[in-house]
Q: 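Structure in structure tokens, see below.
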Amino acid sequence: MRHVQAPDPLSRAFFARSPIVVAEALLGTLVCHRLSGDGLLTATIEEVEAYFGPADLASHARAGRTARTRPMFGPPGHAYVYRLYGVHWAFNVVAHEPGEDAGAVLVRAVLPVAGVEAQRLRRARPHDRVERLGAGPGRVCQALGITGDDSGRDLTAGAPLWIAPPPFARDDDESREVLVGPRVNVAYAGEWADRPYRLGLAGSPALSRPFVTPSPDGRADSRPARHHRR
DNA sequence: TGATTGATGTACT
DNA sequence: GTACATCAATCAC
């Protein structure tokens with residue numbers, strides 16, 4: 001396999017902003033995981049969700065600081081990994097402004113870049129198309145080999161797990177356009193369930209599911225919500 | 001000490 | 001479209 005120069009990690013300051021700002025900034029960036037045996041696995045972030053502090057009824061921080069959620073209340077730029085439905089892992093990046101107590105960005109979908117075959121073999125369904133290997137929070141962790149052991153890890157310190165700036169220019173396609181919608185499966189969160197905190201790259205083949213915005217009459221709109229160009 | 005609950009994915013009809 | 005695996009964290013006694 002071709003040797004790949006490991007890119008530098010994003011700085012602490014990148015993550016020390018509002019979760020929704022960090023969420024949008026993370027689109028197109030590169031998750032890097034160096035694993036003994038598989039070498040360097042990388043994938044671009046295609047879809048994210050922002051979660052705020054205790055006031056956000058959809059956020060794990062709503063219950064306050066617990067053993068599980070401790071990383072969310074810690075310094076920005078660390079990983080928060082938790083078990084979902086007792087089956088899957090989900091990968092978050094801790095992000096909040098200085099002075100705020102908690103916040104994180106859930107990585108819902110990635111597109112494998114380096115170590116694609118290794119990522120394929122890690123998946124329960126290795127026959128999936130590359131574009132679908134990381135299309136969902138659980139799939140992200142399976143493909144990249146991220147587990148609960150990584151929770152609390154500093155993502156700004158480089159190997160073994162870090163996030164690097166976008167590796168590709170996206171000037172000439174519509175992937176720079178950002179889709180916006182409500183977060184997935186947080187209906188229990190009252191008014192917070194409807195807030196537009198799910199972001200994705202328009203035209204990405206790796207989205208976990210389509211973006212659909214509710215229209216004022218309550219029916220689903222057939223067109224995805226469009227955001228400004230970046 | 002026991003019961004419920006998910007920021008889901010996969011297999012199956 | 002529906003069923004269900006599978007379990008840590010959390011909450012109700």
Side-chain angles (χ1 to χ4, degrees), chain A residues 15 18-20 22-24 26-27 31 43 45-74 78-96 102-112 119-152 155 179-200 204-214 220:
Chain A
F15 302 102
S18 164
I20 191 66
V22 174
E24 179 166 357
L26 279 173
L27 291 173
V31 179
I45 295 178
E46 306 285 308
E47 180 186 333
V48 292
E49 282 175 357
Y51 288 87
F52 291 80
D56 180 357
L57 297 181
S59 172
H60 288 174
R62 69 187 182 274
R65 190 187 302 241
T66 67
R68 178 180 63 149
T69 62
R70 189 176 66 250
M72 271 190 86
F73 290 82
H78 288 245
Y80 166 48
V81 185
Y82 65 93
R83 187 156 323 248
L84 186 56
Y85 293 99
V87 183
H88 308 287
W89 295 105
F91 173 52
N92 297 253
V93 180
V94 176
H96 53 81
V105 177
L106 170 67
V107 179
R108 287 192 55 87
V110 298
L111 191 56
Q119 294 186 51
R120 189 193 297 284
L121 292 172
R122 286 184 164 277
R123 289 275 298 124
R125 298 177 59 185
H127 54 283
D128 273 353
R129 300 170 58 210
V130 177
E131 294 83 4
R132 306 307 294 167
L133 291 181
R139 297 178 182 190
V140 168
C141 289
Q142 224 179 53
L144 290 173
I146 295 170
T147 71
D149 290 342
D150 294 305
S151 198
L155 299 173
L179 303 177
V180 180
R183 294 173 292 187
V184 174
N185 285 347
V186 296
Y188 56 85
E191 62 159 315
W192 286 83
D194 302 323
R195 300 197 179 194
Y197 293 158
R198 178 187 176 216
L199 308 175
S204 170
L207 298 181
S208 64
R209 60 179 69 184
F211 276 75
V212 178
T213 44

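Keep in mind it's a predicted model, so treat the numbers as computed, not measured. Here is how names work: the chains are called A, B, and so on, in the same order as the sequence lines, proteins then strands, and each is numbered from 1.
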Q: Report the distance from atom CG of A:Leu144 to atom CZ of A:Arg123, rounding to the nearest 0.5 Å.
A: 11.0 Å
Q: Do the side chains of A:Ile146 and A:Trp89 get nearer than 4.5 Å, heavy atoms only?
A: no
Q: Paired with B:dA7: which nucleotide, if any, by Watson-Crick or G-U wobble criteria at under 3.5 Å for both distances?
A: none
Q: Go nucleotide by nucleotide along DNA chain B from the 5' end; which of A:Met72 and A:Asp128 gets its closest nucleotide reached first?
A: A:Met72
Q: Under 4.0 Å between a side-chain N/O of A:Arg139 and OP1 or OP2 of B:dT10, yes or no?
A: yes
Q: From CG of A:Leu207 over to P of B:dG9, roughly how many Å is that when rounded to an integer?
A: 13 Å
Q: Side chain of A:Tyr82 only, please: which of B:dT10, B:dT8, B:dA7 is the nearest?
A: B:dA7
Q: Where is the tightest heavy-atom contact between A:Gly134 and A:Val140, given as atom of each residue plus distance?
A: O-CG2, 3.4 Å
Q: Identify which nucleotide among B:dA7, B:dT10, B:dT8 has an atom closest to any side-chain atom of A:Tyr51, counting heavy atoms from C-beta outward.
A: B:dA7
Q: A:Leu111 and side chain to side chain contact (heavy atoms under 4.5 Å, CB included): which single residue from A:Glu46, A:Arg132, A:Glu47 fits?
A: A:Glu46
Q: Rounded to the Å, how far apart are A:Arg132 CZ and B:dT10 P?
A: 11 Å
Q: Distance check: side-chain N/O of A:Arg83 vs OP1/OP2 of B:dG6, anything under 4.0 Å?
A: no
Q: Under 4.0 Å, heavy atoms only, any strand: does A:Arg68 hit a base, just the sugar-phosphate, or nothing?
A: sugar-phosphate
Q: Using a 4.0 Å heavy-atom cut-off, does A:Arg62 contact any base of the nucleic acid, only the sugar-phosphate backbone, or nothing at all?
A: nothing
Q: Measure from CZ on A:Arg108 to C1' on B:dG6 and round the result to the nearest Å.
A: 13 Å
Q: Describe the nucleic acid contact of A:Leu106 in one word from base, sugar-phosphate, nothing, applying a heavy-atom distance below 4.0 Å.
A: base
Q: Mind checking A:Val87 for me? I need base, sugar-phosphate or nothing, with any heavy atom below 4.0 Å counting as a touch.
A: base
Q: A:Tyr197 side chain N/O closer than 4.0 Å to the phosphate oxygens (OP1, OP2) of B:dA7?
A: no
Q: Just the rounded figure in Å: distance from P of B:dG6 to NE2 of A:His60.
A: 9 Å
Q: Is A:Ala58 touching bases, backbone alone, or none of the nucleic acid, heavy atoms closer than 4.0 Å?
A: base
Q: Side-chain N or O of A:Tyr85 less than 4.0 angstrom from OP1 or OP2 on B:dT8?
A: yes
Q: Taking any atom under 4.0 angstrom from a heavy atom of chain A, which nucleotides of DNA chain C are the first and last to qualify, 5' to 3'?
A: C:dA5 to C:dT10
Q: I want to check one thing: is the phosphate of B:dG6, taken as OP1 and OP2, less than 4.0 Å away from some side-chain N or O of A:Asn185?
A: no
Q: Can you tell me the distance, in whole Å, between the CG atom of A:Leu133 and the C1' atom of B:dT10?
A: 15 Å
Q: A:Pro137 versus A:Arg108: any side-chain heavy-atom pair under 4.5 Å?
A: yes
Q: Quick one: does A:Val110's side chain get under 4.5 Å of A:Phe91's, heavy atoms only?
A: no
Q: Taking the side chain as C-beta and beyond, is there a heavy-atom pair between A:Thr147 and A:Val81 under 4.5 Å?
A: no
Q: Who is the Watson-Crick or G-U wobble partner of C:dT6, with both distances under 3.5 Å?
A: none
Q: Relative to A:Tyr82, does A:Arg68 satisfy both conditions: NZ or CZ under 6.0 angstrom from the six-membered ring centre, and within 45 degrees of the ring's axis?
A: yes
Q: Using heavy-atom distances to pick each residue's nearest nucleotide on DNA chain B, tell me which of A:His127 and A:Arg209 is more 5'.
A: A:Arg209
